[in-house]
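Along the sequence shown, the residues carry numbers beginning at 1.
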Amino acid sequence: MSDATDPWLIVGLGNPGPDCAANRHNVGFMVADLLATRIGGKFKRAQKAQAQVVEGRIGPPGPASRRVVLVKPMSYMNLSGGPVTALRDFYKVPTDHVVAIHDELDVDYGSLRLKLGGGDNGHNGLKSMTKAMGPDYHRVRFGIGRPPGRMQVADFVLKDFSSTERKELEFLVDRSADAVECLLAEGLERAQSAYNS
C-alpha cells in the first residue's frame with residue numbers, strides 16, 4: 001500500500017517526433033511539458049528506459065509537496081507500457097501512484113475526467129500500460145470527442161487539433177495540469193469534484 005512519502009510517476013502519453021507534436025494523440029505530452037515548466041525542469045533522456053524524464057516536486061513547499069517523476073515515453077504509443085513499467089520499478093513507485101494523461105474519444109472536447117483503474121477503451125497507450133502493470137493506475141482523460149463523419153479514429157487522433165479547438169487548447173492543457181496537481185495534493189475525490197466535467 002502506498003503512503004504520502006512515495007513518489008508519483010506522471011506519464012504524458014504521446015508519440016515522439018516533431019510531426020506528431022501537435023496531434024490530438026499527443027495531448028498527454030503537452031500537459032507533461034507544462035508540468036515540467038511549472039516545476040522548473042527540462043526533460044532529459046532516461047537512463048533506465050526509452051523515455052524522457054524530469055524529476056521534481058509538485059505542490060507548496062513543506063509536507064504537502066509531492067515528489068514526482070514526469071515521463072514522456074519515446075517508444076510510440078502502443079509500446080508505452082515497457083518504459084513506464086521500467087521507470088515505475090526503478091523509482092519504486094506504487095502502481096496507484098502512476099498517473100496516465102491521455103486523449104479520450106468518448107469525452108467531449110474541452111471536458112476532463114479523472115479516475116482510478118478501469119478499461120482501456122481501445123486506447124493503445126493504456127492498453128500497453130495495463131498489459132504491463134495491470135489497470136490500477138490513475139487516468140486524467142482529456143476529451144477530444146469523436147471523429148466527424150466517416151473519418152477513421154486512427155486518422156482523427158493522428159491529426160492536429162483544428163483551428164477552432166486550438167483557440168481553447170492552451171487553457172485546457174493548463175486546466176489538465178491543475179487537475180494533476182489537485183489529484184496529488186488533495187486526492188482523487190476532491191480532484192474529480194473540482195475538474196470532472
Side-chain angles (χ1 to χ4, degrees), residues 1-14 26-43 51-73 80 84-85 87-121 123 125-126 129-130 133-144 168-197:
M1 205 49 201
S2 55
D3 68 39
T5 61
D6 286 320
W8 286 78
L9 203 67
I10 312 297
V11 181
L13 289 175
N26 270 44
V27 75
F29 276 15
M30 296 173 198
V31 177
D33 284 337
L34 178 58
L35 286 166
T37 301
R38 287 186 180 185
I39 66 173
K42 279 197 175 3
F43 277 99
Q52 292 182 352
V53 295
V54 177
E55 294 180 54
R57 298 192 85 83
I58 283 179
S65 159
R66 301 284 180 258
R67 189 171 147 235
V68 297
V69 182
L70 303 175
V71 179
K72 295 195 299 187
S80 301
V84 172
T85 305
L87 291 167
R88 180 201 62 172
D89 295 347
F90 177 71
Y91 288 103
K92 300 182 172 54
V93 177
T95 301
D96 68 351
H97 273 214
V98 176
V99 181
I101 309 164
H102 64 92
D103 57 306
E104 178 60 60
L105 288 159
D106 285 338
V107 175
D108 291 339
Y109 181 70
S111 294
L112 274 183
R113 297 272 200 295
L114 284 80
K115 69 175 192 169
L116 174 62
D120 57 57
N121 205 21
H123 191 290
L126 297 182
M129 284 180 61
T130 296
M133 64 184 184
D136 300 326
Y137 54 91
H138 287 85
R139 297 102 192 274
V140 175
R141 304 157 73 205
F142 185 109
I144 60 168
E168 282 188 284
L169 185 59
E170 192 175 335
F171 164 76
L172 296 171
V173 167
D174 197 64
R175 191 166 180 272
S176 303
D178 290 347
V180 172
E181 292 184 352
C182 182
L183 169 64
L184 270 55
E186 301 183 52
L188 179 60
E189 281 185 30
R190 178 78 187 87
Q192 285 174 324
S193 67
Y195 291 97
N196 276 15
S197 52

Heavy-atom closest pair, residues Val84 and Val98: CG1-CG1, 4.4 Å
Could you tell me if the side chain of Val68 sits less than 4.5 Å from the side chain of Val180, heavy atoms only? no
Does a donor on one side chain and an acceptor on the other come within less than 3.5 Å for Tyr109 and Glu168? no
Can a donor-acceptor pair be found between the side chains of Tyr195 and Ser176 at a distance below 3.5 Å? no
Contacts of Glu104 that satisfy side-chain contact (heavy atoms from CB on, under 4.5 Å) - sequence neighbours left out: His102, Asp106, Val107, Asn121, Arg141
In terms of side-chain geometry, is the basic nitrogen of Asp120 or Arg139 positioned less than 4.0 Å from the acidic oxygen of its partner? no
Under the side-chain contact (heavy atoms from CB on, under 4.5 Å) criterion, do Thr95 and Met129 qualify, and how do the steps go? CA-CA 11 Å; Thr95 301; Met129 284 180 61; over 6 Å; no
How about Tyr91 and Arg67: do any of their side-chain heavy atoms sit closer than 4.5 Å? yes
Going by side-chain contact (heavy atoms from CB on, under 4.5 Å), name the residues that satisfy it together with Arg190, two or more places apart in sequence or in a different chain. Cys182, Glu186, Ser193, Ala194
Contact check, side chains of Asp33 and Lys72, non-hydrogen atoms, under 4.5 Å: yes
Return the minimal non-hydrogen interatomic distance between Gly119 and Lys115, and the atom names on each side. N-NZ, 4.3 Å
Considering only heavy atoms from C-beta outward, does the side chain of Leu87 approach that of Val11 to under 4.5 Å? no
Look only at the side chain of Ser197 and the backbone of Leu112, and say whether a donor-acceptor pair between them is shorter than 3.5 Å. yes
Asn196 side chain vs Leu114 backbone, donor-acceptor pair below 3.5 Å: yes
